[in-house]
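Working notes for the structure below.
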Amino acid sequence: MGELFLNRPLAHQTMSDVTWHPTAYRTHNLGQISEGADLVGKEVTVCGFAEALRGKGKICFVDLRDGTGRAQVFLKQGNLSDEELESIQNASRESTLQITGVVALKRPPKVADGEPTPPPAYEVVASSAQVLAGAQTPLPLGVTDTVHIDLNTRLNNRYLDLRRSHVNAMFQLRSRVLQYGREFLISEGFGEINSPKIIAAAAEGGTNLFPMQYFDTPAYLSQSPQLYKQLSILGGLDRVFEVGPAFRAEEHDTYRHLNEFISFDIEMAWADDEDVMGVLERMINHVWAKISKQEMHLFEPINEFRSSQGKEPVEVVIPSIPFPRVSYDDAIALIQKKGGDINWGDDISAAHCDLIADEYPGFYFLPRWPMEMKPFYIHHVKGENGTTGEQLSRGFDLNYGRDEMTSGGQREHRWEILEQNLRDMELDPADFDFYIDGFRYGAPPHAGWGLGVARLLMVLCGASNVREIVLFPRDRSRVTP
RNA sequence: GCCCCGUUAGUGUAGCGGUUAUCAUACAGGAUUGUCAUUCCUGUGACACGGAUUCAAAUUCCGUACGGGGCGCCA
C-alpha cells in the first residue's frame with residue numbers, strides 16, 4: 001500500500017505555503033525530497049519512521065516516512081560504515097532513523113511491456129545513518145499491513161494507527177475544515193471566544209452532567225457553551241464563535257455519540273433563525289469549496305484504503321446553497337407519506353430521517369419544531385402554529401442523511417417570556433436565575449447553533465464512526481489512551 | 001438503559017463434537033537482490049475466563065469479563 005504513495009507528499013500545503021526551517025535533527029523533510037528535482041546532488045539530513053526495510057546483504061533499501069511524505073533511502077556497503085549499515089539492517093519497522101546523504105534520481109523500476117514508465121522519483125543515497133529510537137517487535141498493529149484491523153484494536157494503539165496514511169489524511173482534513181470554518185466566520189465579522197468548561201449548574205437543559213469537585217464546591221463539566229456565548233452577545237460582542245469541548249454524561253453507545261466531543265458553536269446578535277442558517281450553509285459551502293480546491297490529494301490515501309477494503313471512493317461534492325428547508329410540519333407529512341410511523345409532536349428518529357433523505361440527499365434543514373419539544377430559551381413567534389394548531393418554535397436542526405449535524409435556533413431575548421416559558425413547562429423560574437439574570441438589563445434578539453465537528457468530518461471523509469476522526473475518543477467504556 | 005451478535009498466534013481470519021487447529025501478514029534465522037507489496041527457504045507463535053454435558057469440547061449449555069451491531073437520547 002505504502003508504495004502507492006511513496007512519491008507523493010501527504011500534505012500539499014506543506015511544500016508550497018509553509019516555510020520549513022532546518023531543525024536540530026533534519027535539514028529537509030521527506031515531502032521536499034519526493035519533490036526533489038532541484039535537490040539532486042545536494043547533501044541533506046532527513047528523519048522519519050522506517051516503514052519498510054529491504055535487503056540484508058551488501059545493499060539495503062528503507063522506505064522512510066515523516067509527517068510530510070515518504071522517500072526511499074538507499075544504503076550500500078562502502079558508502080557508509082559497516083556498523084551503521086548493520087544497525088539499519090537490524091532495525092525493526094517503525095523505528096525512527098536519521099539519514100544523511102545525497103539526493104539522487106532513483107533508478108527506474110523494471111516495467112512489464114506495455115506498462116507506462118513511472119514519473120521520475122528521488123531518493124537519498126546514505127553516507128551516514130543512525131537509529132534514533134528502535135521500535136519493539138511485534139507491533140500491536142501493522143502500519144502498512146493490508147489486513148483489516150478492528151476499530152477497538154486501532155484505538156487501543158492509536159499512536160500507531162495515526163501513522164497509517166489514510167488515518168493521517170483524515171486528521172489533516174480535520175485541521176483544514178476547522179481552519180476554513182474559522183476563516184469564513186472571521187470574514188463575516190465573527191470573533192473567537194473561549195467559554196468556561198467548569199460550571200456551577202446546567203447551562204442548557206436536558207443532558208446529564210459530569211459532576212466534579214471544584215475546591216470545596218461541587219461543580220460540573222460544561223455540556224454546551226450555550227449560555228456563555230449568549231452572555232457574550234448580551235455583553236455586546238455582536239458575533240462570536242467557539243470551537244471547544246462539550247461533556248455529556250449520557251450512556252449512549254452509537255457510531256455518532258461520544259461523552260466528550262468538539263462542538264463548533266456560533267452566536268449572532270440582531271439575527272433570527274434564518275440568518276444563522278444562512279451563516280451555516282455558507283460556511284459549509286465555503287469549507288467544501290476550499291477542500292475540493294486545495295486538499296483533494298488527501299483523499300488519495302483515503303480512497304486507496306477504501307478500495308482495498310472493497311468500499312466506494314468518497315467524493316467531495318460542493319453542496320449548493322441554499323440547502324433545502326424541510327419544516328417540521330412538512331417532514332411529518334413526508335414521513336407519513338412514505339409509510340413512516342410518526343405523529344405530530346413526535347421526535348424525528350434516524351430511521352425517519354432516512355425517509356427524508358430519500359427525497360433530500362445531502363444537507364437539509366429541519367426548521368420550525370414544536371415549541372413544546374424545544375428548550376425554554378428558544379424563541380417563538382405568536383401565531384406561528386403547526387398543522388395541529390400547536391405553537392411552533394424558531395429552533396432548527398441541520399441533517400446530512402440520517403445524521404444530525406447541528407442544532408440551533410433563535411433565542412428568546414425577553415426575560416419575561418423566558419420566565420413564562422419556564423412556567424409553561426412547569427419549571428420554577430427562580431431555579432433559572434443564573435440564566436435569566438443576564439437578560440434583565442437589555443438584550444439583543446439573537447440566534448446561534450452548535451455543530452458536531454466529528455459528525456461533519458464523518459460526512460466529508462466517508463467514515464462510518466465518529467471515533468475514526470476523533471484523536472482519542474471518550475465513550476462510555478473508554479478513557480484511555 | 002433495551003434488543004441482537006461475537007471473542008481462535010502480535011494483527012486479521014478458517015474450522016462449528018474426534019484436525020498434527022487453516023491461511024495471510026507480522027516476528028526470528030538464512031540465501032538472493034538497484035529493490036519496487038523484493039523474491040525464495042526454514043522456524044516461532046493462538047482456541048477470553050470459570051463451571052457443566054460428553055468416551056471425546058475451539059466446536060454444545062450456563063455464568064463472568066471484554067468487544068461489536070441496532071434502538072433510544074443528543075451534536
Side-chain angles (χ1 to χ4, degrees), chain A residues 1-7 51-63 70 72-76 90 92-94 104-112 115 118 121 123 125 135-157 160-161 204-208 223-226 245-265 308-309 346-352 373 375 397-400 402-408 449-458 464-467 470 475-478:
Chain A
M1 259 241 353
E3 283 303 308
L4 296 165
F5 315 115
L6 199 59
N7 304 314
E51 196 162 273
L53 299 112
R54 296 182 290 273
K56 296 267 176 150
K58 294 182 172 64
I59 60 172
C60 174
F61 304 93
V62 180
D63 293 340
R70 292 180 178 74
Q72 175 169 283
V73 176
F74 176 54
L75 303 97
K76 187 179 183 180
N90 288 335
S92 50
R93 293 195 303 170
E94 296 305 316
L105 194 64
K106 269 171 83 171
R107 299 204 182 170
K110 295 173 204 116
V111 293
E115 295 284 316
E123 65 179 5
V125 180
Q136 286 187 10
T137 60
L139 298 168
L141 63 86
V143 171
T144 55
D145 292 1
T146 49
V147 294
H148 172 262
I149 309 170
D150 275 355
L151 183 57
N152 212 43
T153 304
R154 294 174 49 197
L155 294 177
N156 285 338
N157 302 280
L160 277 174
D161 182 52
E204 182 188 348
T207 67
N208 294 317
Q223 90 285 29
S224 166
Q226 177 67 34
F247 305 91
R248 303 209 174 155
E250 296 288 342
E251 295 192 333
H252 34 48
D253 200 1
T254 77
Y255 66 89
R256 60 189 188 278
H257 288 96
L258 291 173
N259 296 294
E260 175 181 351
F261 67 96
I262 300 300
S263 182
F264 200 134
D265 274 84
S308 80
Q309 304 295 302
D346 290 344
D347 199 8
I348 298 176
S349 72
H352 295 143
M373 297 178 68
D397 286 353
L398 174 72
N399 277 35
Y400 184 96
R402 71 195 323 258
D403 295 322
E404 183 179 334
M405 301 283 122
T406 304
S407 188
W449 42 254
L451 167 70
V453 171
R455 288 190 181 180
L456 189 66
L457 263 294
M458 201 161 73
S464 53
N465 194 313
V466 284
R467 290 162 180 78
V470 174
D475 62 30
R476 191 165 148 192
S477 56
R478 178 180 292 282

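Order of the sequence lines sets the chain letters (A, B, ...), proteins ahead of strands, with each chain counted from 1.
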Report summary line: Separation between CE (Met458(A)) and OH (Tyr255(A)), nearest 0.5 Å, reads 5.5 Å
**Report entry** Whole-Å gap separating P (C73(B)) and CZ (Arg256(A))
**Finding:** 10 Å
Report summary line: Value for CG (Asn259(A)) from CD (Gln223(A)), rounded to nearest 0.5 Å, stands at 13.0 Å
Query raised in the report: So which one's nearest nucleotide on RNA chain B is more toward 5', Asn259(A) or Asn465(A)?
Result: Asn465(A)
Report task. Sticking with atom P, work out how far U44(B) lies from U22(B), rounded to a whole angstrom. Result -> 12 Å
Query raised in the report: Distance between the C1' atoms of A14(B) and G72(B), in whole angstroms?
Result: 37 Å
Query raised in the report: Counting distance only, does the side-chain N/O of Ser263(A) pair as donor-acceptor with the main-chain N or O of Asp265(A) below 3.5 Å?
Result: no
Query raised in the report: What is the distance from CZ of Arg54(A) to P of U35(B), rounded to the nearest Å?
Result: 11 Å
Report task. Starting from P on C71(B), measure out to CG on Asp347(A) and report it in whole angstrom. Result -> 14 Å
Report task. Would you indicate what His148(A) reaches in the nucleic acid, counting non-hydrogen atoms under 4.0 angstrom: base, sugar-phosphate, or nothing? Result -> sugar-phosphate
Query raised in the report: Taking atom P of U35(B) as reference, at what distance in whole Å does atom CZ of Phe61(A) sit?
Result: 6 Å
Requested in this report: Using the C1' atom on both, measure G67(B) against C49(B) and round to a whole Å.
Outcome: 15 Å
Report task. May I have the distance from Arg476(A) (atom CZ) to G67(B) (atom C1'), rounded to whole angstrom? Result -> 13 Å
Query raised in the report: Base, sugar-phosphate alone, or nothing: which one does Arg478(A) contact when heavy atoms must sit under 4.0 Å apart?
Result: nothing
Query raised in the report: Which part of the nucleic acid, if any, lies within reach of Gly55(A) when heavy atoms closer than 4.0 Å are counted: base, sugar-phosphate only, or nothing?
Result: base
Query raised in the report: Could you run down nucleotides 40-47 of chain B 5' to 3' and tag each one B, S or - for protein heavy-atom contact under 4.0 Å?
Result: --------
Report task. Can you tell me the distance, in whole Å, between the CZ atom of Arg154(A) and the C1' atom of G12(B)? Result -> 13 Å
Report summary line: Between Ala246(A) and Ser224(A), the two heavy atoms sitting closest are CB-N, 4.4 Å
Query - Separation between the C1' atoms of U38(B) and U20(B), rounded to whole Å - result: 33 Å
Query - Nearest-Å distance for atom pair CG/P, residues Leu53(A) and U38(B) - result: 10 Å
Query - U11(B) and G63(B), which share atom name P, separated by this distance in whole Å - result: 28 Å
Query raised in the report: Is Phe74(A) stacked on the base of G34(B), meaning ring centres closer than 5.5 Å and planes within 30 degrees of each other?
Result: no
Query raised in the report: Do Arg256(A) and Asn465(A) have side-chain N/O donor and acceptor atoms under 3.5 Å apart?
Result: no
Report task. Write down the distance separating the P atoms in U59(B) and G15(B), rounded off to the nearest Å. Result -> 15 Å
Report summary line: Result for 5'-nearest mapping on RNA chain B, choosing between Lys76(A) and Pro140(A), is Pro140(A)
Report task. Using a strict cut-off of less than 4.0 Å between a Lys/Arg side-chain nitrogen and an Asp/Glu carboxylate oxygen, indicate whether Asp63(A) and Arg93(A) qualify as a salt bridge. Result -> no
Report task. Tell me which nucleotide among G72(B), C74(B), G34(B) gets nearest to the side chain of Gln72(A). Result -> G34(B)
Report summary line: Closest of G1(B), U11(B), G67(B) to the Thr153(A) side chain is U11(B)
Requested in this report: Heavy atoms under 4.0 Å is the rule here; annotate nucleotides 22-31 of chain B 5' to 3' with B where the base is hit, S where only the sugar-phosphate is, and - elsewhere.
Outcome: ---SSS----
Query raised in the report: Touch check for Arg402(A), heavy atoms < 4.0 angstrom, all strands: base, sugar-phosphate only, or nothing?
Result: sugar-phosphate
Requested in this report: For Phe74(A), check ring pair (Phe, Tyr, Trp, His ring centres under 6.0 Å) against everything at least two apart and list the hits.
Outcome: Phe61(A)
Report task. Check whether any side-chain N or O of Asn157(A) sits under 3.5 Å from a backbone N or O of Thr153(A) as a donor-acceptor pair, and report yes or no. Result -> yes
Query raised in the report: Can you tell which of C74(B), G69(B), U35(B) lies closest to the side chain of Arg455(A)?
Result: C74(B)
Query raised in the report: For atom C1', what is the distance between C74(B) and C36(B), given to the nearest Å?
Result: 50 Å
Query raised in the report: Can you check whether Thr144(A) has a side-chain N or O nearer than 4.0 Å to OP1 or OP2 of A37(B)?
Result: no
Requested in this report: Keeping the roles fixed (side chain from Asn156(A), backbone from Asn152(A)), state whether a donor-acceptor pair exists under 3.5 Å.
Outcome: yes
List, with names and distances, any nitrogen or oxygen atoms from the protein found under 3.5 Å away from nitrogen or oxygen atoms belonging to nucleotides 3-8 of chain B.
none

Query raised in the report: Less than 3.5 Å between a donor and an acceptor, one on the side chain of Glu250(A) and one on the base of G1(B), is that the case here?
Result: no
Requested in this report: Identify whether any heavy atom of Asp403(A) sits under 4.0 Å from a base atom; if not, whether one sits that close to sugar-phosphate; answer base, sugar-phosphate or nothing.
Outcome: nothing
Query raised in the report: If you check the Asn152(A) side chain, which of G68(B), C74(B), G12(B) turns out closest?
Result: G68(B)
Query raised in the report: Looking only at atom types and distance, does a side-chain atom of Ser92(A) sit under 3.5 Å from a main-chain N or O of Gln136(A), one as donor and one as acceptor?
Result: no
Query raised in the report: Who are the salt bridge (charged side-chain N to carboxylate O under 4.0 Å, His left out) partners of Glu404(A), not counting sequence neighbours?
Result: none
Query raised in the report: Are any side-chain N or O atoms of Asp475(A) and backbone N or O atoms of Ser477(A), one a donor and one an acceptor, separated by less than 3.5 Å?
Result: yes
Requested in this report: Report which part of the nucleic acid Glu260(A) touches: base, sugar-phosphate, or nothing (heavy-atom distance under 4.0 Å, all strands).
Outcome: nothing
Query raised in the report: Heavy atoms under 4.0 Å, any strand shown: does Leu451(A) hit a base, just sugar-phosphate, or nothing?
Result: nothing
Query - Under 4.0 angstrom between Ser407(A) side-chain N/O and A75(B) OP1 or OP2 - result: yes
Requested in this report: Can you tell me, in whole Å, how much space there is between the C1' of A26(B) and that of G12(B)?
Outcome: 11 Å
Report task. Give a yes/no on whether any side-chain N or O of Arg107(A) is located under 4.0 angstrom from OP1 or OP2 of G34(B). Result -> no
Query raised in the report: Which heavy atom in Gln72(A) sits nearest to a heavy atom in Arg54(A), and how many Å separate them?
Result: OE1-NH2, 3.1 Å
Requested in this report: Could you check whether Leu456(A) gets within reach of a base, just the sugar-phosphate, or nothing at all, counting any heavy atom under 4.0 Å?
Outcome: nothing
Query raised in the report: Roughly, in whole Å, what's the span from CG in Asp475(A) to P in G69(B)?
Result: 10 Å
Query - For RNA chain B, stems built from three or more consecutive Watson-Crick or G-U wobble pairs below 3.5 Å - result: B:1-7 with B:65-71, B:10-12 with B:23-25, B:27-31 with B:39-43, B:48-52 with B:60-64
Report summary line: Residues Ala351(A) and Arg402(A): closest non-hydrogen pair is N-NH2, 4.0 Å
Requested in this report: Output the single nucleotide from G72(B), G12(B), G10(B) whose closest atom is nearest the side chain of Asp150(A).
Outcome: G12(B)
